[in-house]
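Structure, as structure tokens:
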Number of protein chains: 2
Amino acid sequence: MARLIAEKSDLIAPLAEVFREYGFEGATLARISAATGLGKGSLYHFFPGGKEEMAQAVLAEIAHWFESHIFTPLGTTQNSAHAIAGMFAATAAYFHTGQRVCLVGVFGLNTTRDRFAQSIAAYFTRWLHTLEAALCTLGHKPAQAQLLACQSLAAIQGGIVLARALNSPQYFEAALTQAKAQCLTVSPTPHGHNNLQNS
Amino acid sequence: MARLIAEKSDLIAPLAEVFREYGFEGATLARISAATGLGKGSLYHFFPGGKEEMAQAVLAEIAHWFESHIFTPLGTTQNSAHAIAGMFAATAAYFHTGQRVCLVGVFGLNTTRDRFAQSIAAYFTRWLHTLEAALCTLGHKPAQAQLLACQSLAAIQGGIVLARALNSPQYFEAALTQAKAQCLTVSPTPHGHNNLQNS
DNA sequence: CTCATTCTGTACCAATAGGTACACTTAATA
DNA sequence: TATTAAGTGTACCTATTGGTACAGAATGAG
């Protein structure tokens with residue numbers, strides 16, 4: 001069997017950058033071709049379904065990355081304060097402090113949402129629920145945990161919007177520190193199972 | 001002088017909706033034509049500069065709307081608690097509780113930003129500074145006011161992303177109530193000029 | 001070396017993109 | 001009612017769009 005000259009997995013990263021920069025409609029095959037260094041022939045060899053299949057592959061890769069780098073650590077790290085702080089740190093790194101756009105969020109904002117509704121919804125619900133569970137473990141009341149998780153994801157996404165719009169990462173950081181502080185400050189702990197002992 | 005059959009001002013609203021739904025690149029002249037009910041001839045009569053001029057006109061109208069409905073009230077309303085609460089309410093109404101996208105934010109997320117960088121930056125800086133001033137008037141310390149303003153705008157923008165992605169306004173509301181509560185809860189007021197007297 | 005498979009470049013396609021040219025209609029004014 | 005400017009529809013232009021077809025190059029297995 002012939003060795004693969006170009007690996008499909010090597011294409012995901014440049015593909016993702018093109019979709020991020022130009023959106024789904026603006027990501028023309030010419031731009032994709034330039035970013036990957038591959039002609040249409042190769043592109044359609046790897047992705048017979050065209051742009052739609054390319055975007056699906058990118059979304060799948062993103063889902064996989066977040067699963068192993070964000071969601072799993074968030075759900076398994078013993079010290080939940082560490083887990084949550086780690087999530088904020090990993091997120092800030094992934095999004096280049098807001099200078100790099102969230103592809104899933106961007107796809108959700110225009111009609112591209114209709115094509116990828118399932119992947120988009122899955123991404124955010126998974127994140128929301130994992131964070132919520134970690135917040136409960138930390139000692140937040142369930143209702144409060146739900147609210148904090150929602151607020152935190154909004155801060156991340158909104159921080160990206162502001163940082164991009166004003167072309168400065170400081171706005172991402174400002175939005176994030178507030179959310180992070182609120183997550184890690186557990187209320188007067190009436191009966192919650194607080195485990196801040198060794199953070 | 002002949003009366004205008006179609007008024008330029010009547011075109012802004014449908015134009016804005018097309019740009020919101022499809023983004024700048026996805027807003028084709030065919031879609032614009034369908035949304036406005038005007039053919040290319042009329043469109044280019046009103047906007048000789050084409051799509052770019054249309055988008056600029058929409059951004060200008062948005063800037064004007066926010067100036068009179070959000071920024072001016074925020075800066076002039078005597079009771080600053082009322083002013084800030086009013087801003088949140090007006091914002092939620094404008095964005096249809098997160099179901100309607102912020103065109104300025106969306107434009108900032110992809111390469112469209114480069115075309116309209118000035119309008120985009122002006123929109124957010126104006127909002128940021130006006131809110132910051134109102135928060136100071138309320139009694140927040142300057143540094144805290146700056147942080148809260150940034151956090152609030154991030155909550156709004158992030159709330160839109162979540163509400164769109166998950167197709168439910170509840171996420172917008174969740175993100176907003178937290179931010180609003182923090183803005184209106186002024187810290188133990190050591191020497192700040194708090195004016196919550198008749199809210 | 002041979003061969004089957006994988007990969008790639010080129011040529012091609014119909015459809016649509018944004019934009020222009022211009023003759024035509026509409027309608028307020030004088 | 002004639003004039004004049006504003007507004008409109010249609011035809012047309014070139015460039016680019018996503019996508020297909022396919023011959024040929026690369027490559028490891030036998």
Side-chain angles (χ1 to χ4, degrees), chain A residues 1-59 61 103 106-107 110-116, chain B residues 1-59 61 103 106-107 110-116:
Chain A
M1 190 184 286
R3 201 190 62 100
L4 301 182
I5 296 174
E7 296 262 0
K8 190 170 174 179
S9 58
D10 294 335
L11 300 178
I12 304 296
L15 276 176
E17 286 314 308
V18 175
F19 283 124
R20 261 187 256 270
E21 278 300 296
Y22 300 96
F24 184 76
E25 306 237 24
T28 66
L29 284 182
R31 282 168 180 158
I32 291 172
S33 197
T36 57
L38 265 58
K40 286 192 198 184
S42 307
L43 252 16
Y44 274 87
H45 170 71
F46 289 111
F47 305 98
K51 274 175 67 175
E52 176 129 6
E53 190 176 339
M54 298 179 204
Q56 288 286 13
V58 169
L59 288 175
E61 165 61 25
L103 184 63
V106 169
F107 275 9
N110 55 31
T111 46
T112 308
R113 178 182 63 166
D114 303 336
R115 285 176 189 260
F116 309 107
Chain B
M1 190 186 288
R3 199 190 63 102
L4 301 182
I5 297 174
E7 297 263 1
K8 191 171 175 178
S9 59
D10 294 335
L11 300 178
I12 304 295
L15 276 176
E17 288 312 312
V18 175
F19 283 123
R20 261 188 256 271
E21 278 299 298
Y22 300 95
F24 184 77
E25 306 237 24
T28 66
L29 283 183
R31 282 168 180 156
I32 292 172
S33 196
T36 57
L38 264 60
K40 286 192 198 182
S42 306
L43 253 14
Y44 275 86
H45 171 71
F46 289 112
F47 306 97
K51 276 176 67 174
E52 176 128 7
E53 189 175 340
M54 298 179 204
Q56 288 285 14
V58 169
L59 288 174
E61 165 60 26
L103 184 63
V106 169
F107 274 9
N110 55 32
T111 44
T112 309
R113 177 182 64 165
D114 303 335
R115 286 176 189 260
F116 309 107

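Model, not experiment: these values are computed from the prediction. So you know, we letter chains A, B, ... as the sequences are listed, proteins then strands, and number each from 1.
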Plane angle bin for A/Phe24 and A/Phe19 - parallel if under 30°, tilted between 30 and 60°, otherwise perpendicular = parallel
Between CZ of A/Arg115 and P of D/dG18 the distance, given in whole Å, is 11 Å
note: A/Tyr44, atom OH; D/dA21, atom P; distance rounded to Å ~ 12 Å
Looking at A/Tyr22, is A/Arg31 sitting on its ring face, NZ or CZ under 6.0 Å from the six-membered ring centre and within 45 degrees of the normal?
-> yes
Whether B/Lys40 side chain and B/Leu29 backbone form a donor-acceptor pair below 3.5 Å = no
Whole-Å distance separating the CD atom of B/Glu25 from the P atom of C/dG18 | 10 Å
B/His45 has a side chain; which of D/dT8, C/dG9, C/dT20 sits nearest to it?
-> D/dT8
For atom CZ of B/Phe46 and atom P of D/dG9, their distance in whole Å = 11 Å
Of the candidates D/dG18, C/dG18, D/dT8, the side chain of A/Lys40 sits closest to D/dG18
Between B/Phe47 and B/Lys8, what is the shortest heavy-atom contact and its length?
-> CE2-CE, 3.4 Å
Listed nucleotide nearest any side-chain atom of B/Leu29, set C/dG19, D/dT20, D/dG9 | C/dG19
Integer-rounded Å distance: C/dG9 C1' and A/Ile32 CD1 | 18 Å
Whole-Å distance, A/Arg31 CZ to D/dA15 P, equals 18 Å
What is the distance from CD of B/Glu53 to P of C/dG18, rounded to the nearest Å?
-> 16 Å
From OH of A/Tyr22 across to C1' of D/dT17 the rounded distance in Å is 16 Å
In terms of the nearest nucleotide of DNA chain D, which residue is placed more toward the 5' end: A/Thr28 or B/Gly41?
-> B/Gly41
